[in-house]
Amino acid sequence: MESPYAIEMLHITKKFPGIIANDDITLQLKKGEIHALLGENGAGKSTLMSVLFGLYQAEEGIIKKDGVEVKINDPNDANDLGIGMVHQHFKLVECFSVLDNIILGVEPTKNGFLQKKEAREKVLALSEKYGLQVDPDAIIEDITVGMQQRTEILKMLYRDNEILIFDEPTAVLTPQEIDELMQIMRNLAAEGKSILFISHKLAEIMAVADRCTVLRKGKYIGTVETKNTTMEQLSAMMVGRNVNFHVDKQPSHPGEVILDVEHMTVASKVHKKDAVKDVSFKVRAGEIVCIAGIDGNGQTELVYGLSGLEPLKSGKLTFKGQDITKASIRKRSTSGMSHIPEDRHKHGLVLDYPLEYNLILQRYFEREFTSAAGFLKRKPIREYANRLIEEYDVRSGQGAITPARSMSGGNQQKAIIAREIDKNPDLLLAVQPTRGLDVGAIESVHKQLVAQRDAGKAVLLVSLELDEVMDVPDRILVMYEGEIVGELDPKKTTQEELGLYMAGAKRDEVKA
């Protein structure tokens, strides 16, 4: 009798130095279902999927496909078995075209010559069939993240994969792209594909998954049918306690102006047009101001200008009464500005450094950490790192000496947040601070942002998450095509009204 399961992972155990990432986990994927894998940051979700895809070898346990035990030594074995994976950080060659990336490794040839015509026809037919419109000739570095993801999905479909693994597929997408991806996943499942979907966004799991398996700290907690459960029950299974989805905060009491932005313009690196156009606003002590907008409307360049990563084309920045328009990044940092960056790998961490060195990146030159002769003081650095790891629940296999690269994305994010908040800044620039975090960690970050505000600090939050935009700040400034088109009170506005401003359909005369 044929097995009802497309894939069975039975009693899988995978160990790394200092940590058991997967501890006797069993996962069963039915044919034609969307099966969610839910867990906190560092729960072992990506590790388990990497075992299935052949990137890691488990110390214990077996894998069965259609009821037959199989050995998967590397991703080529996985592809031969019809298993494909879209990774959290995409595996694309930036200077290649979409088509070249899709056929990479399985190039169609005839007499030693590349035959792209048939490949192009197959890619166009697949993109039409599954609603994955892409331009096969576009270069990867020129297209949006959503389009890059579609390229990754087409890579799997081009190889006729039957089992599709999506690792945190919505972490970098806009709300509209997320809706489109959900529909694509439903279409794929309706075609008979079996999908494993790693996420910690509960609303998405409830919307698209048939069943959900929950992991916690490397252990299997249980598998439930989503139609018979609630978001509250799933979150309690995931973090081991009830989670408050609403941010509790008292009314704000804004004080003096900490940051005054006047007529700020920042050039775009991609287009001839300016990315930020004549923007003016103020952020006061004791308030959280949120910059909201659809990704790509100048928020990134605005933050680069404020933090010193990019020079201003024109305009003036005043921080605590001092003109910092031309100040260096270190000067801004030592004057009391902290920055949780949008891209944690590019601007947040030195991935090959241990965690302890990453936690003192902007303070290593202080007397607490460096001797008068210029040598690092190892003991105080280790003690400081251990305190932050404990305080902010940063999970890492070897504690302070763990290489940052080996930590889960969510724990890398927690380390950056710990470092930036512990500097005790007067202004906290928090850009996508909860990107890639689970519900328990998101609740904790939101509490920390409110605590900063209540301690009289100024917080400038940049977020693409509508729930976060509505729930955390005291004021919302909406950016559209490089301009601030509206100032909204989160207590008095709706998600629909906010959406109209974000899409450019409404605009205010904004007070500076």
How about [X]: does its [atom1] atom have over 12 heavy atoms from other parts shown lying under 6.0 Å from it?
X	atom1	value
E128	CD	no
K277	NZ	yes
E59	CD	yes

Please check: side-chain N/O of [X] versus main-chain N/O of [Y], any donor-acceptor pairing under 3.5 Å?
X	Y	result
Q149	P169	yes
S338	E420	yes
N101	V93	yes
D274	V276	no
R159	N79	no
E204	L202	no
R120	L99	no
N161	L157	no
S463	E465	yes
Q57	N73	yes

Exercise. Apply the test side-chain hydrogen bond (donor to acceptor under 3.5 Å, both in side chains) to residues Q28 and E8: give CA-CA distance (whole Å), side-chain angles for both, the deciding distance (0.1 Å), then the verdict.
Key: CA-CA 5 Å; Q28 294 170 310; E8 292 176 272; 3.1 Å; yes
Measuring from atom [atom1] of [X] to atom [atom2] of [Y], what distance do you get when rounded to the nearest 0.5 angstrom?
X	Y	atom1	atom2	result
M156	T151	CE	OG1	11.5 Å
Q183	I178	CD	CD1	14.5 Å
K155	L92	NZ	CG	5.0 Å
Q413	R344	CD	CZ	5.0 Å
C212	I34	SG	CD1	12.5 Å
M264	T325	CE	OG1	9.5 Å

Quick test of your reading of the model: are [X] and [Y] salt-bridged, counting only N-O distances below 4.0 Å?
X	Y	result
D23	K15	no
D77	K71	no
K14	E60	no
K414	D393	yes

Quiz item: Hey, mind stepping through R211 and K30 against side chain to side chain contact (heavy atoms under 4.5 Å, CB included) and telling me if it holds?
Solution: CA-CA 9 Å; R211 292 192 303 150; K30 292 179 181 173; 3.7 Å; yes
Quiz item: Checking K122 against Y158: charged group under 6.0 Å from the ring centre and within 45 degrees of the axis?
Solution: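 Yes, K122 and Y158 form such a contact.
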Quiz item: Would L428 and L449 satisfy side chain to side chain contact (heavy atoms under 4.5 Å, CB included), going step by step from the backbone distance to the final call?
Solution: CA-CA 9 Å; L428 178 63; L449 293 180; 3.7 Å; yes
Side-chain heavy atoms of [X] within contact of [Y], under 4.5 Å:
X	Y	value
I195	F166	yes
V70	K64	no
L196	H35	yes
L460	L429	yes
I63	E69	no
Y392	I421	yes
M85	K91	no
N358	E356	no

Quiz item: Where do S127 and L154 land on the side chain to side chain contact (heavy atoms under 4.5 Å, CB included) test, with the steps shown first?
Solution: CA-CA 7 Å; S127 65; L154 282 166; 4.2 Å; yes
Quiz item: Run the salt bridge (charged side-chain N to carboxylate O under 4.0 Å, His left out) check on D66 and K31 step by step: do they pass?
Solution: CA-CA 9 Å; D66 300 326; K31 289 175 183 167; 3.4 Å; yes
Quiz item: Hey, which of L466, L464, N297 is the one that makes side chain to side chain contact (heavy atoms under 4.5 Å, CB included) with M502?
Solution: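 Looking at L466, L464, N297, the match for M502 under the side chain to side chain contact (heavy atoms under 4.5 Å, CB included) is L466.
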Quiz item: With respect to I417, which candidate in T434, V394, V445 satisfies the side chain to side chain contact (heavy atoms under 4.5 Å, CB included) definition?
Solution: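 So the option named by the test is V445.
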Quiz prompt | Partners meeting ring pair (Phe, Tyr, Trp, His ring centres under 6.0 Å) with Y353 (sequence neighbours left out) | solution =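 Here no residue qualifies.
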Which pair of heavy atoms, one from [X] and one from [Y], lies closest together, and at what distance?
X	Y	answer
L351	H345	CD2-CD2, 3.8 Å
H11	T26	N-OG1, 3.0 Å
A415	L359	O-CD2, 3.4 Å
A292	I476	CB-CG2, 3.9 Å
A6	S194	CB-OG, 3.7 Å
G305	L312	CA-CD2, 3.8 Å

Self-check item: Working for salt bridge (charged side-chain N to carboxylate O under 4.0 Å, His left out), residues K193 and E191
Solution: CA-CA 6 Å; K193 309 278 187 195; E191 286 282 331; over 6 Å; no
Quiz item: Could you walk me through whether Y56 and T47 pass the side chain to side chain contact (heavy atoms under 4.5 Å, CB included) check?
Solution: CA-CA 8 Å; Y56 296 144; T47 302; 4.0 Å; yes
Quiz prompt | side-chain hydrogen bond (donor to acceptor under 3.5 Å, both in side chains) evaluation trace for T300 with E342 | solution = CA-CA 8 Å; T300 299; E342 177 178 18; 2.7 Å; yes
Quiz prompt | Aromatic contact, H347 with Y304 (centres under 6.0 Å) | solution =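 Yes, the ring of H347 comes within the 6.0 Å limit of the ring of Y304, centre to centre.
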Quiz item: Regarding T13 and D24, is there a side-chain donor-to-acceptor distance under 3.5 Å anywhere?
Solution: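 There is no such pair between these side chains.
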Quiz item: Run the side-chain hydrogen bond (donor to acceptor under 3.5 Å, both in side chains) check on E468 and H446 step by step: do they pass?
Solution: CA-CA 9 Å; E468 188 166 73; H446 288 167; 2.7 Å; yes
Quiz item: Quick one: which of R216, K217, R395 gives a salt bridge (charged side-chain N to carboxylate O under 4.0 Å, His left out) with E40?
Solution: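 When R216, K217, R395 are each tested with E40, the salt bridge (charged side-chain N to carboxylate O under 4.0 Å, His left out) holds only for R395.
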